[in-house]
Amino acid sequence: MYLVLFGPPGAGKGTQAKRLEAACHLVQLSTGDMLRAEVASGSALGIKAKDIMEAGKLVPDELIVDMISSRIDDAEGEAGFILDGFPRTIPQARALDAMLDGKGLKLDRVIELRVDDEAMVERITGRFSCASCGANYHQKFNPTKVAGLCDACGGDRFDRRADDTMETVRARLKAYHDQTAPLISYFEKKGNLLSVDGMAAIDDVTRQIREALD
Ligand code: AP5
């Protein structure tokens, strides 16, 4: 199964992608995670991407398409993949179509998480993750079971993303509306768009997605 999880910053793409990955044995391909790894490693791509990401803007299409195409190649032979954060522009969507065509594959579904902008600011500024295993949490909506200890690995150090500030969130939302939201009609025309209520609680969103895919 080949899926795209689509929605603005903070919509829950990463949260739901991890759940689907575990339940459906699919590979999560997150362009945001890949870029953060490039920044952390100090690679040439990471150096180019760092300031753009911290300003809340989109990294140029050609860099993203080069980065994701090899990951899509690597995922061949798996049960499928979930694209999280890609495509984000019309040229990226066309490049994805061409990549899949070349492999004789097609997207089964694009799952849009419908959410309100104002709620996204609270979701993003309250997000934190385990510094050891990367598990994601939210101080209000998805806290650790024991305060200060990661549920998954017991780690006691947590990180926040450099781009999760109030100002950057506003810029990221603007980039979404200007450059990414036009993809909704692109996918509608292709007939594979499925919209779910991303404002529901995390478990309810998972249930809606699983029911729609079943
Ligand atoms: P990326 O990492 O993709 O960030 P994003 O799209 O801004 O999305 P987020 O990761 O912030 O949110 P999410 O939807 O995954 O939500 P999450 O599940 O974490 O991209 C970062 C940057 O990289 C971009 O700004 C850009 O510069 C660059 N980039 C990446 N891809 C690119 C591309 N294709 N082209 C160009 N540039 C690119 O949830 C958020 C919080 O809310 C969590 O704390 C979670 O616990 C909580 N939560 C989740 N669901 C719910 C719910 N239903 N109810 C309550 N709380 C919830």
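Indexing begins at 1, ligand by ligand and atom by atom, following the structure's order. Model, not experiment: these values are computed from the prediction.
Screening Ile68, Leu96, Thr180, Asp61 for a side chain to side chain contact (heavy atoms under 4.5 Å, CB included) involving Pro87 leaves a single residue, Leu96.
Atom NZ of Lys174 has 12 or fewer heavy atoms from other residues, nucleotides or ligands within 6.0 Å.
Using a 4.5 Å cut-off on side-chain heavy atoms (C-beta onward), Pro8 and Val115 make contact. Looking only at side-chain heavy atoms (C-beta outward), Tyr186 and Arg94 come within less than 4.5 Å of each other.
Residues with a heavy atom under 4.0 Å from ligand 1: Pro8, Pro9, Gly10, Ala11, Gly12, Lys13, Gly14, Thr15, Thr31, Gly32, Leu35, Arg36, Met53, Lys57, Leu58, Val59, Ile64, Gly85, Phe86, Arg88, Gln92, Arg123, Arg127, Tyr137, His138, Phe141, Asn142, Arg161, Asp163, Arg172, Gly198, Ala200, Ala201, Ile202, Val205.
Both Met34 and Val27 are assigned to one and the same hydrophobic cluster, defined by single-linkage of ILVMFWY side chains at heavy-atom distances under 4.5 Å.
Under a 3.5 Å cut-off, the side chain of Gln92 and the backbone N or O of Arg88 do form a donor-acceptor pair.
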